[in-house]
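A short worksheet on the structure shown next.
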Amino acid sequence: MITLFSNRKEDATDIPDSGTFVRDLAKGLTQQDYSSLLSALNKLAIVSVTNAKGDILYANEKFIEVSKYTLPEILGQNHRILKSGHQPQSLFIDLWKTISSGSVWRGEIKNRAKDGTYYWVDTSIAPVLSSSNIPERYVAIRFLISEKKEIEAELDEKATSLEESRQALLNVLDDLNVERNRAVEEKARTEILLASIGDGVIATDAAGTTTFINDSALTMLGLTRERALGSDVRALFDIEADDKSLPKEEHLISRVLATRVSLATDPKKTLSFVTTDGRKFPVSATVAPVLSSGKLIGAIKTFRDITIEKEVDRVKSEFVSLASHQLRTPLSTINWYAEMLTAGDAGALTPEQNKYVEEIYRGNQRMVELVNALLNVSRLELGTFVVDPLPTDVVKLAKDVVRELEPKIFERKIDFTEKYADSIPIMQVDPNLMRIIFQNIATNAVKYTPPGGRVILDIHVEGTGEEAKLVTEIADTGYGIPKEARDKIFTKLYRADNVRTKETDGTGLGLYLAKSILEKTGGSISFVSEENKGTTFRVEVPLTGMRKKEGSKPLNT
Ligand code: ADP
């Protein structure tokens, strides 16, 4: 039996408090009290005694139970057998320094049981000193605190994760701040940009209520910002298309908000804004939907006053019109004199002279055609041309055009077939305009088909009731229209490369005229083509006829 805390040192002044307390306590105890105390201690604490090197001399039951070693296994072993290796060496250096200098060491130690599991103990180690005050044994009393340590570790973990969450939240807040500042800067930049551009810009919400309007728009529309913001954009000014007031539901903004598709003004139509103070000016406008995550949140309208462009166009067309007019008189004179010369009015011509005069006549004819076409273009663009629908036998009209073309058909040895359906009624069309269309497509089919080719003209009715239309198809086996030329074929003065070298005759104005006439009178024109295989043009005119239009000039055929 080992006597605990039997300190041989007589002068106990430097014995730590716990030792003094226990010793003083022991003094007043009977042997029985002493035994009870020891037995209570043994139940509560892990008690061990080692020699000065730390070899275990005594271990109580609790020690055995917790360390999972048997008594024979543990006795004589150095205490370091229980070291977990999870604590810094400095802790043990401090421990040894304290106890070897005769003081009590107290601390928390993590130990490793025989089965490899770990446990924490609140450890007090007191040296038992020899007569020369040198520690010869150490008594260690330990209390199991694994549970407390687990809770502590759990709390630590929670505190760490809480700290991490707090940090993450702070980071998110930081990011949000940066984003918000960036958005504020971006908004300011966009507003400065929108305010400084010359085009009018109006933004609306999904209902068409004005949410933004720049200074240019306010000036052009004669509005104040207070009046504009919060009002339906369609109530701020009127829109006229070709001088007719456009219903609100047909405004670009209404159509864009309904369809979510960007729209722009049709350059062929004149769209004007009419302000509340009665000013009217032509505009070019674009409206785009504003979508956020696929949801429509509004629209942006940009517009420009195109009064000057329109004026320039008008002046240009007037100049072409005037110049063409002036050219017609000398051209007629050349025509007459060339005809008189070939007729022998100035005496018989030699075959060579005759050839030259014919060249003059043909060249002059080409010039007359060009001047007439230019005049037609300027009349179409100035809007001065007349559409005067009359009851017309379109089949007879088409036959006449083909008869006029016969010399050319014959010359090029074209196999020309005409197919006219029986059901074609007399139609309300402008015969003059219908002739221009037939002439253009028929002449092209013959002109752009190499000798020996085939052309089929087929006129019939398609559809019934209001949908019924007169369809003219003219198919040839000619040069075809190259892919890259297809979307330019109806533009002014355009001639595709593949025919320009083969057929020098041509103005590049025929199809432009035909399309302009058809679009302005309710019809349409389209084509399908394959290079070196042939082309089919298709013209559609409503069976109800052409829309009438007042004007000062007819077009030349
Ligand atoms: P052009 O006076 O040159 O015939 P058009 O406006 O009538 O002018 O036609 C424009 C261009 O379209 C032609 O120059 C030609 O390149 C092409 N084109 C028109 N019709 C045909 C056709 N039937 N076959 C091949 N190309 C055609």
Side-chain angles (χ1 to χ4, degrees), residues 268 320 324 362-381 385 398 401-402 404-405 407-409 411-419 432-459 471-520 523-540 555-557:
K268 290 203 199 81
V320 170
S324 309
R362 251 203 300 274
N364 194 57
Q365 260 332 99
R366 285 218 294 272
M367 191 72 135
V368 170
E369 268 171 37
L370 177 65
V371 167
N372 279 340
L374 282 173
L375 261 176
N376 285 345
V377 167
S378 66
R379 281 170 190 173
L380 273 167
E381 290 184 348
F385 73 107
V401 169
V402 177
E404 281 162 23
L405 254 181
K408 207 134 205 165
I409 296 170
E411 185 193 317
R412 297 178 74 89
K413 300 190 178 61
I414 301 285
D415 173 4
F416 199 109
T417 312
E418 292 163 81
K419 294 183 186 170
N432 195 28
L433 299 181
M434 207 60 205
R435 171 181 283 273
I436 293 176
I437 295 162
F438 282 156
Q439 261 175 353
N440 269 307
I441 55 172
T443 312
N444 282 348
V446 173
K447 194 162 65 170
Y448 300 127
T449 299
R454 251 177 89 88
V455 172
I456 302 170
L457 171 68
D458 181 345
I459 304 186
V471 174
T472 305
E473 281 179 323
I474 185 153
D476 63 54
T477 57
Y479 306 129
I481 300 171
K483 266 202 183 79
E484 64 280 5
R486 288 184 195 157
D487 49 353
K488 300 192 205 108
I489 224 74
F490 293 109
T491 50
K492 238 184 309 190
L493 299 168
Y494 182 80
R495 306 197 68 217
D497 288 343
N498 67 327
V499 302
R500 254 209 314 244
T501 44
K502 296 189 188 93
E503 285 301 324
T504 46
D505 261 12
T507 60
L509 291 170
L511 287 180
Y512 171 77
L513 280 170
K515 189 170 164 73
S516 303
I517 294 169
L518 284 160
E519 278 178 354
K520 287 185 162 62
S524 66
I525 181 166
S526 58
F527 67 90
V528 284
S529 183
E530 201 173 330
E531 213 177 341
N532 296 321
K533 290 255 168 66
T535 305
T536 302
F537 271 90
R538 178 182 168 94
V539 167
E540 296 181 5
L555 296 191
N556 299 300
T557 53

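Start at 1 and go down the list; that is how both ligands and their atoms are numbered.
With respect to V539, the side-chain contact (heavy atoms from CB on, under 4.5 Å) criterion is satisfied by exactly one of I459, I474, V471, T472: T472. Here the options are K408, R412, R366, the test is salt bridge (charged side-chain N to carboxylate O under 4.0 Å, His left out), and the partner is E503; only R412 passes.
Under the side-chain contact (heavy atoms from CB on, under 4.5 Å) criterion, I436 pairs with N376, L433, N440, I517, L555, T557, not counting sequence neighbours.
Closer than 4.0 angstrom to ligand 1 by heavy atom are N444, A445, K447, Y448, D476, G480, I481, I489, Y494, R495, A496, V499, G506, T507, G508, L509, G510, L511, T535, F537, sorted by chain and number.
Using a cutoff of 4.0 Å between basic side-chain nitrogens and carboxylate oxygens, E473 and K419 are not scored as salt-bridged. One finds no salt bridge joining R486 and E531 here, because no Lys/Arg side-chain nitrogen approaches an Asp/Glu carboxylate oxygen to under 4.0 Å.
Centroid-to-centroid, the aromatic rings of Y512 and F490 stay 6.0 Å apart or farther.
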